[in-house]
Amino acid sequence: MVPSRLVVLISGSGSNLQAIIDACNSGEINANIAAVISNKADAYGLERAKQAGIATAVLSHKDFDSREAYDAQLMNVIDTFAPNLVVLAGFMRILTPSLVQKFKGKMLNIHPSLLPKYQGLNTHQRAIDAKDDVHGVSVHFVTEELDGGPVILQAKVPVLVDDTADTLAKRVHAQEHIIYPLVVKWFSEQRLTMEADYAVLDEKQLPAHGAHYPE
């Protein structure tokens with residue numbers, strides 16, 4: 001099977017990017033990362049990409065007058081690398097409908113909550129404030145609804161009595177680095193697709209909350 005071509009979008013440290021780089025290098029994922037694109041020139045993830053010999057591009061949103069103008073150019077930059085899959089790995093931008101539509105069914109995101117709970121920001125603190133027993137992370141297809149696309153895979157972590165947002169985030173991150181490469185692997189093996197409003201794995205419709213890791 002021909003390896004998938006990935007483009008990864010980042011804004012920060014790129015720890016999920018590193019997990020995917022490692023899984024590609026080990027052969028766990030049958031894919032090549034064609035490029036890493038960031039909206040921030042100082043994102044450490046760019047350094048991770050360079051160390052791995054991966055092409056990088058910086059497209060600062062501050063250079064554009066509107067979200068639409070930025071996303072139009074971002075679309076052009078992504079297109080130059082002809083990806084099969086676009087992976088959002090801590091890309092802190094709300095995408096315009098035109099960009100989402102172009103890569104519909106070919107764009108993944110990871111979100112630090114058990115969707116549909118806690119869409120948006122500050123998810124760890126919100127879980128603590130709600131006195132939840134369980135928190136976690138979700139990988140989903142990207143649609144025009146923020147953090148609202150079909151969920152593919154979730155991992156749960158317990159919320160401990162003495163947790164802070166930081167301690168909870170660390171345990172969630174550990175799960176992120178397991179399940180995001182796994183979902184990219186499924187997509188690269190052509191086992192995963194998006195239908196109208198749900199994900200399909202191995203020709204079976206996944207439930208609204210996706211599959212669970214570990215099953």
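As the structure is a computational prediction, the values presented were derived from the model and not from experiment. All residue numbers in this chain count up from 1 along the given sequence.
Under the 3.5 Å distance criterion, the side-chain polar atoms of D147 are matched with a main-chain donor or acceptor of G120. The closest donor-acceptor contact from the side chain of R5 to the backbone of F81 lies under 3.5 Å. When atom types are taken as modelled, the side chain of T167 and the backbone of D163 share no donor-acceptor pair closer than 3.5 angstrom. Of the possible donor and acceptor atoms, none in the side chain of T123 sits under 3.5 Å from a partner among the backbone N and O of S113. With hydrogens and angles ignored, the 3.5 Å screen pairs no side-chain donor or acceptor of R191 with any backbone N or O of E203. In this structure a side-chain-to-backbone donor-acceptor pair under 3.5 Å is missing from R67 to L95. Judged purely by atom type and a 3.5 angstrom limit, S66 uses its side chain to pair as donor or acceptor with the backbone of A69.
Interatomic distance, CE of M75 versus OG of S98, reported as 4.0 Å (0.5 Å rounding). Residue Y198 holds its OH atom at 10.5 Å from CG of L206, rounded to the nearest 0.5 Å. The distance from the CD atom of Q205 to the OG1 atom of T193 is 10.5 Å, given to the nearest 0.5 Å. Between the CG atom in L99 and the CD atom in Q73 there is a gap of 12.0 Å [rounded to 0.5 Å]. The structure places CG of L114 at 7.5 Å from NE2 of H212, a figure rounded to the nearest 0.5 Å. Atom CZ of F103 is separated from atom CG of L88 by 10.5 Å, given to the nearest 0.5 angstrom.
Residues K106 and M194 fail the side-chain proximity criterion, which asks for heavy atoms closer than 4.5 Å. Residues V159 and D133 fail the side-chain proximity criterion, which asks for heavy atoms closer than 4.5 Å. Taking the side chain as every heavy atom from C-beta outward, N30 and K185 never approach each other to under 4.5 Å. With contacts defined as side-chain heavy-atom distances shorter than 4.5 Å, the pair I10/V36 qualifies. Side chains of I37 and F91 form no contact here, defined as non-hydrogen atoms less than 4.5 Å apart.
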> Do H124 and V172 pass the side chain to side chain contact (heavy atoms under 4.5 Å, CB included) test, and can you show the C-alpha distance, the side-chain angles, and the key distance before you say yes or no?
Replying inline: CA-CA 9 Å; H124 309 305; V172 171; 3.9 Å; yes
>> Could you walk me through whether K170 and V157 satisfy the side chain to side chain contact (heavy atoms under 4.5 Å, CB included) test, starting with their C-alpha distance in whole Å, then the side-chain angles of each, then the deciding distance to 0.1 Å, before giving a yes or no?
In response: CA-CA 10 Å; K170 283 177 183 170; V157 300; over 6 Å; no
>> For I78 and L74: C-alpha separation, side-chain torsions, deciding distance, then whether side chain to side chain contact (heavy atoms under 4.5 Å, CB included) applies.
In response: CA-CA 6 Å; I78 294 171; L74 179 59; 3.9 Å; yes
>> If you apply the rule side chain to side chain contact (heavy atoms under 4.5 Å, CB included), what do you find for V86 with L9, and how did you get there?
In response: CA-CA 7 Å; V86 178; L9 306 187; 4.1 Å; yes
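Among all heavy-atom pairs drawn from Q101 and E144, the shortest one is NE2-OE2, 2.7 Å. The minimum heavy-atom distance linking F187 with N84 is given by the pair CE2-O, 3.7 Å. The minimum heavy-atom distance linking A199 with V151 is given by the pair CB-O, 4.0 Å. Taking every heavy atom of both residues into account, M107 and L85 meet most closely at N-CD1, 4.1 Å. The minimum heavy-atom distance between A89 and N16, with the atom names listed, is CB-CB, 4.2 Å. Nearest heavy-atom pair across H135 and A127 is ND1-CB, 3.5 Å.
Remark: of the listed residues L46, I33, V8, I33 is the sole one forming a side chain to side chain contact (heavy atoms under 4.5 Å, CB included) with I54. A side chain to side chain contact (heavy atoms under 4.5 Å, CB included) with V137 is found for one member of E176, H173, R171 and no other, namely E176. Of the residues listed (D71, D79, T96), the one engaging K102 in a side-chain hydrogen bond (donor to acceptor under 3.5 Å, both in side chains) is D79, and it is the only one. Considering P3, C24, S4 as possible partners of S188, the one that fulfils the side chain to side chain contact (heavy atoms under 4.5 Å, CB included) test is S4.
No side-chain donor-acceptor contact under 3.5 Å links Y180 and N109. Defined by atom type and a distance below 3.5 Å, a donor-acceptor pair is present between the side-chain atoms of S138 and Q154. Inspection of the S11 and N39 side chains reveals an N or O donor paired with an N or O acceptor under 3.5 Å. Inspection of the H140 and H111 side chains reveals no N or O donor paired with an N or O acceptor under 3.5 Å.
More than 12 heavy-atom neighbours from other residues, nucleotides or ligands sit within 6.0 angstrom of CD on Q51. For D65, the CG atom counts as loosely surrounded, since its 6.0 Å shell holds 12 or fewer non-hydrogen atoms of other residues, nucleotides or ligands.
In the hydrophobic clustering of ILVMFWY residues, with side-chain heavy atoms under 4.5 Å counting as a link, I178 and I29 come out together. There is a path of hydrophobic side-chain contacts, each under 4.5 Å, that joins V87 to L153. Using a 4.5 Å cut-off between side-chain heavy atoms of Ile, Leu, Val, Met, Phe, Trp and Tyr, with links allowed through other members, V200 and V142 fall into different hydrophobic clusters. Residues I20 and V139 are members of one and the same hydrophobic cluster, defined by side-chain heavy-atom contacts under 4.5 angstrom among Ile, Leu, Val, Met, Phe, Trp and Tyr. Under a hydrophobic clustering in which Ile, Leu, Val, Met, Phe, Trp and Tyr are joined whenever their side-chain heavy atoms come within less than 4.5 Å, directly or via other members, F141 and I179 fall into the same cluster.
Geometrically, R93 engages Y70 in a cation-pi contact defined by less than 6.0 Å to the ring centre and at most 45° from the axis.
D132 has no carboxylate O lying under 4.0 Å from a charged side-chain N of R126, or vice versa, which leaves the two without a salt bridge.
Here Y44 pairs with nothing under the ring pair (Phe, Tyr, Trp, His ring centres under 6.0 Å) rule; sequence neighbours left out.
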